[in-house]
> 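Please see the structure below; I have some questions.
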Amino acid sequence: MLCSISFAVGGAGAMEIEVGTVDENPFMPSIRYAGTAVFRIICDSFRQIETVYYRFGQLFSFLYGAENRSVEIISFEWRDEAPLLAAEDSRAFACSMALDKDINFLRLSSDITSWYEYSSDGALWQEVKTNDYFTFVRNKLCQGHIFNDSDNSVKYNYYGRNLIIPAGTRFVMCVTGDASESVASVYDLDEGAVYYIRLCMYARTFGAHTLYKSEPLKCVR
């Protein structure tokens with residue numbers, strides 16, 4: 001139920017963001033900013049709610065029709081030990097993996113929600129924030145951050161042609177674009193600072209779900 005609401009409202013937010021392209025209207029930049037902020041609030045709020053529900057397997061199973069079975073993550077690995085954190089054209093924290101079950105983005109109960117946590121000592125973790133202090137969250141309504149490992153022109157999301165990630169298909173997730181905005185809390189670390197990053201991923205599909213946190217990657221800003 002909550003998934004249906006978040007999907008519908010999140011979709012509306014994403015549609016607003018993409019529609020705002022009329023240059024002659026002076027209010028459009030403000031509308032786009034507001035739409036982006038609302039979309040981020042919704043994504044992060046439902047991520048937190050669903051994470052809590054995941055802790056209580058029976059309640060989650062009732063709400064989403066998912067059995068208490070796990071989606072297995074197959075051979076997770078970091079792709080780059082020196083992530084590029086740039087104000088433009090960044091490519092950071094790329095990692096690859098496969099899942100043992102299909103993820104069909106057309107199903108309301110099927111999604112991959114991801115975010116990152118970082119730590120200065122590898123023990124105390126905090127979520128990576130954007131420049132406007134929201135948690136950096138991605139799901140099937142966001143485009144361009146999940147793509148096929150052997151062909152990066154094949155991108156998986158709700159809006160594209162590739163709506164299903166078949167079981168066993170190796171795919172890559174990463175941060176692209178402007179790191180100063182999307183992952184500001186690590187971009188703004190002092191030059192030379194050592195930190196650790198890990199991927200947090202909430203994968204669910206019909207009949208199974210799992211909350212996964214990767215092995216940490218040591219980085220130098």
Side-chain angles (χ1 to χ4, degrees), residues 10 13-14 17 20 29-30 32-52 54-55 73 75-97 112-147 149 152 155 157 170-203 210-221:
I17 296 169
S30 298
R32 285 198 298 272
Y33 179 82
T36 301
V38 170
F39 181 61
R40 285 176 174 172
I41 291 172
I42 290 171
C43 286
D44 192 30
S45 297
F46 278 95
R47 174 191 61 83
Q48 294 183 44
I49 291 170
E50 289 175 339
T51 300
V52 171
Y54 177 79
R55 304 292 183 187
I73 287 78
S75 60
F76 176 94
E77 66 177 11
W78 292 103
R79 299 294 299 274
D80 189 354
E81 295 184 358
L84 174 64
L85 290 175
E88 294 181 358
D89 300 325
S90 61
R91 178 182 171 86
F93 313 133
C95 52
S96 66
M97 74 200 83
I112 297 176
T113 303
S114 65
W115 63 101
Y116 292 91
E117 293 178 344
Y118 75 103
S119 170
S120 59
D121 56 8
L124 299 176
W125 296 89
Q126 52 188 314
E127 295 176 345
V128 174
K129 303 288 186 179
T130 64
N131 66 334
D132 43 11
Y133 308 109
F134 297 109
T135 300
F136 178 75
V137 180
R138 290 292 180 266
N139 58 26
K140 64 183 174 184
L141 298 178
C142 304
Q143 303 182 56
H145 76 293
I146 303 179
F147 51 90
D149 185 35
N152 60 18
K155 295 179 172 59
N157 57 71
R170 196 162 191 85
F171 61 90
V172 175
M173 304 176 71
C174 70
V175 177
T176 59
D178 186 347
S180 68
E181 292 185 359
S182 57
V183 289
S185 54
V186 290
Y187 179 89
D188 293 338
L189 292 174
D190 293 337
E191 184 176 353
V194 175
Y195 67 98
Y196 298 84
I197 196 90
R198 68 183 180 188
L199 174 75
C200 303
M201 183 177 70
Y202 186 49
T210 198
L211 180 63
Y212 173 77
K213 294 191 177 183
S214 74
E215 290 296 318
L217 174 69
K218 185 177 181 180
C219 305
V220 178
R221 181 72 185 94

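We use all heavy atoms of the structure for the numbers below, so side chains are in, but hydrogens, waters and symmetry mates are not.
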> Does any N or O in the side chain of Tyr195 come within less than 3.5 Å of the main-chain N or O of Leu189, such that one atom is a donor and the other an acceptor?
no
> If you round to the nearest 0.5 Å, how far is CZ of Arg198 from OG of Ser214?
7.5 Å
> Taking it one step at a time, do Phe136 and Ser185 satisfy side-chain contact (heavy atoms from CB on, under 4.5 Å)?
CA-CA 10 Å; Phe136 178 75; Ser185 54; over 6 Å; no
> Tell me every residue that passes ring pair (Phe, Tyr, Trp, His ring centres under 6.0 Å) with Tyr118, counting only those two or more places apart in sequence or in another chain.
none
> Determine whether Asp190 and Arg221 satisfy the following criterion, side-chain contact (heavy atoms from CB on, under 4.5 Å), listing intermediate values before the conclusion.
CA-CA 7 Å; Asp190 293 337; Arg221 181 72 185 94; over 6 Å; no
> Step by step, work out the side-chain contact (heavy atoms from CB on, under 4.5 Å) result for Tyr187 and Ser182.
CA-CA 9 Å; Tyr187 179 89; Ser182 57; over 6 Å; no
> Ignoring hydrogens and geometry, is there a side-chain-to-backbone donor-acceptor pair from Ser90 to Gly177 under 3.5 Å?
yes
> Keeping Ser119 on the side-chain end and Leu124 on the backbone end, is there a donor-acceptor pair under 3.5 Å?
yes
> Taking all heavy atoms of Pro216 and all of Trp78, pick out the closest pair and write down the distance.
C-NE1, 4.1 Å
> Could you check whether Arg170 and Ser75, counting side-chain N and O atoms only, form a donor-acceptor pair closer than 3.5 Å?
yes
> Which residues pass the ring pair (Phe, Tyr, Trp, His ring centres under 6.0 Å) test with Trp125, sequence neighbours left out?
none
> Can you tell me if Glu77 has over 12 outside heavy atoms packed within less than 6.0 Å of its CD?
yes
> Working to the nearest 0.5 Å, report the span between CE of Met97 and CZ of Arg79.
10.5 Å
> Which residues satisfy the salt bridge (Lys or Arg N to Asp or Glu O under 4.0 Å) test with Lys129, sequence neighbours excluded?
Glu127
